[in-house]
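This report concerns only the one structure given below.
Predicted model only: the values in this text are computed from it and were never measured.
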Number of protein chains: 2
Amino acid sequence: MPEHRSGKPRYHHGDLRNALVRAAVDLARDGGPEAVVLRAAARRVGVSATAAYRHFSGQSDLLAAVKDHAQQCLVAAMEESREGIRGEGVEAAREGVKALGRGYVRFALREPGLFRSAFCGTVDPLGADAAGPPHGGQHHPQVRSFQMLTESLDALAEAGALPATRRQGAELSAWAMVHGVAVLIMGRHLGELTQEQTTQVVERAFDDLVAGLAAP
Amino acid sequence: MPEHRSGKPRYHHGDLRNALVRAAVDLARDGGPEAVVLRAAARRVGVSATAAYRHFSGQSDLLAAVKDHAQQCLVAAMEESREGIRGEGVEAAREGVKALGRGYVRFALREPGLFRSAFCGTVDPLGADAAGPPHGGQHHPQVRSFQMLTESLDALAEAGALPATRRQGAELSAWAMVHGVAVLIMGRHLGELTQEQTTQVVERAFDDLVAGLAAP
DNA sequence: CCGCCATGTTTACAGCGTCAACATGGAGCA
DNA sequence: TGCTCCATGTTGACGCTGTAAACATGGCGG
């Protein structure tokens with residue numbers, strides 16, 4: 001794998017696709033999905049605009065790549081957040097769910113541009129991995145995050161904090177609450193909040209969530 | 001107030017601002033906020049693109065007008081949905097909250113373009129009505145919908161289905177759950193759902209919400 | 001060593017938001 | 001009644017965008 005750090009501009013870039021994705025991700029980071037401008041990404045890489053068409057079918061395809069990366073970042077934030085929460089009791093199970101939510105919300109507030117990019121457009125339900133991963137490859141990132149949620153809710157049910165009769169369908173309630181909290185705070189729909197107010201309001205929402213799931 | 005339905009193209013339109021808003025709203029209805037293209041709206045009205053600058057400071061200003069209209073539509077949907085739910089008991093209070101949520105979600109699913117337009121960009125927290133309505137005018141639509149939510153939560157508390165100690169901060173939980181449900185279903189993040197599956201999953205989420213709010 | 005074709009470039013076009021300069025005609029005043 | 005002013009429209013231009021077509025380059029397999 002050759003290194004391409006040399007300043008010499010060579011006709012063939014060598015790693016243009018990834019370079020474009022990195023540039024596009026940077027654009028998305030500050031500016032959101034609408035800032036992912038194909039020509040701007042090409043300009044940053046030092047390449048002509050149309051060169052991008054050798055690696056992407058168009059701007060929307062580049063944006064899709066950014067979206068994939070953003071979803072992976074979201075998953076990473078969730079995984080990091082629940083590290084160490086591995087107990088067996090009811091409280092540990094509840095903390096597992098909350099930790100996932102905290103990672104989700106913190107990512108949205110720390111990287112609003114990427115978070116918005118991760119959920120832009122409609123997720124095509126007939127993606128490349130519609131029938132499972134083809135050759136042992138990875139699931140789509142969003143599938144992965146949904147799987148984490150499922151596991152944590154299973155643990156919640158196993159610990160007795162979620163009646164078995166209500167286990168099915170719990171994913172939507174949990175995801176909706178967490179996503180809604182993230183979107184509303186990120187969009188400043190509750191006004192400007194101090195960091196302390198933010199954590200307070202977020203924790204309250206998570207408490208309501210797990211309490212609702214625990215109801216008979 | 002003159003009528004301008006005549007086919008004769010007159011140099012001075014007479015009601016251009018509202019005509020442009022109507023056209024822009026139509027664009028937003030199918031296509032969302034990114035479909036609100038100034039030149040397209042002007043074309044629909046049969047007027048030059050730059051004419052719009054006599055009534056709007058630019059495209060973002062036109063989009064802001066669309067957003068206002070969309071928020072009013074959302075409020076109307078919520079009001080219609082809770083019509084007739086005026087009882088006094090605990091169950092009536094719960095139904096009041098749920099009715100608001102149902103109107104919210106149904107609007108999002110019936111008019112996704114308008115719903116997305118209603119929440120595009122960040123709500124500028126220092127809007128024209130930051131210090132209350134200036135001269136007896138209306139509150140900003142979003143303030144109105146938030147007020148409806150507040151009232152229904154007050155009723156819930158009064159009926160005993162929301163402990164007084166947890167009354168404060170309940171708005172976020174409720175709004176987040178409802179908003180999250182709307183966004184996730186609208187964005188097809190749970191796959192394609194039949195109408196029946198949709199109502200089922202929505203009602204479940206609302207059950208979890210009111211159960212969570214009722215917890216001690 | 002050579003030729004192919006993956007990967008780059010240049011050029012071009014239409015549509016977008018926006019500005020400047022110009023045109024029109026209705027409302028108010030002489 | 002008639003004139004004039006300016007709110008409201010128009011045309012033209014600029015730079016930006018996405019994208020297509022035609023052309024250039026040079027690394028790699030034969």
Neighbours of DNA chain D within residues 53-63 of chain A, by heavy-atom distance under 4.0 Å: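 Going residue by residue through residues 53-63 of chain A, the ones with a heavy atom under 4.0 Å of DNA chain D turn out to be Y53(A), R54(A), G58(A), Q59(A).
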
For S57(A), all residues meeting side-chain hydrogen bond (donor to acceptor under 3.5 Å, both in side chains), sequence neighbours excluded: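 S57(A) satisfies side-chain hydrogen bond (donor to acceptor under 3.5 Å, both in side chains) with no residue once adjacent residues are dropped.
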
Test side-chain hydrogen bond (donor to acceptor under 3.5 Å, both in side chains) applied to E95(B) - qualifying residues, sequence neighbours left out: R102(B)

For atom CG of L20(A) and atom P of dT7(C), their distance in whole Å: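 Rounded to the whole Å, the gap is 13 Å.
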
Could you give the side-chain donor-acceptor pairs of residues 167-175 of chain A under 3.5 Å, partners two or more places apart or in another chain?
from, atom 1, to, atom 2, distance (Å)
R167(A), NE, D154(A), OD1, 3.0
R167(A), NH1, E171(A), OE1, 3.3
R167(A), NH1, E171(A), OE2, 3.4
R167(A), NH2, T150(A), O, 3.3
R167(A), NH2, D154(A), OD1, 3.0
R167(A), NH2, E171(A), OE2, 3.0
E171(A), OE2, T150(A), OG1, 3.2
S173(A), OG, D208(B), OD2, 2.6
W175(A), NE1, Y104(A), OH, 3.0

base_contact_polar (dT11(D) base, T50(B) side chain, donor-acceptor, <3.5 Å): yes

Residues in contact with DNA chain C, drawn from residues 27-46 of chain B - heavy-atom cutoff 4.0 Å: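 Of all residues in residues 27-46 of chain B, the ones placing a heavy atom under 4.0 Å from DNA chain C are V37(B), L38(B), R39(B), R43(B).
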
Set of side-chain contact (heavy atoms from CB on, under 4.5 Å) partners for Q200(A), sequence neighbours left out: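 Expected list: none.
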
Those residues that, when tested against R110(B), pass side-chain contact (heavy atoms from CB on, under 4.5 Å) (two or more places apart):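 Listed in chain order: R106(B).
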
Pairwise distance CG(L63(B)) to SG(C120(B)) - rounded to 0.5 angstrom: 4.0 Å

Non-neighbouring partners of E80(B) that pass salt bridge (Lys or Arg N to Asp or Glu O under 4.0 Å), sequence neighbours left out: none

Result block: side-chain N/O donor-acceptor pairs under 3.5 angstrom for residues 30-52 of chain B, not counting sequence neighbours:
from, atom 1, to, atom 2, distance (Å)
E34(B), OE1, R116(B), NH2, 2.9
E34(B), OE2, R116(B), NH2, 2.4

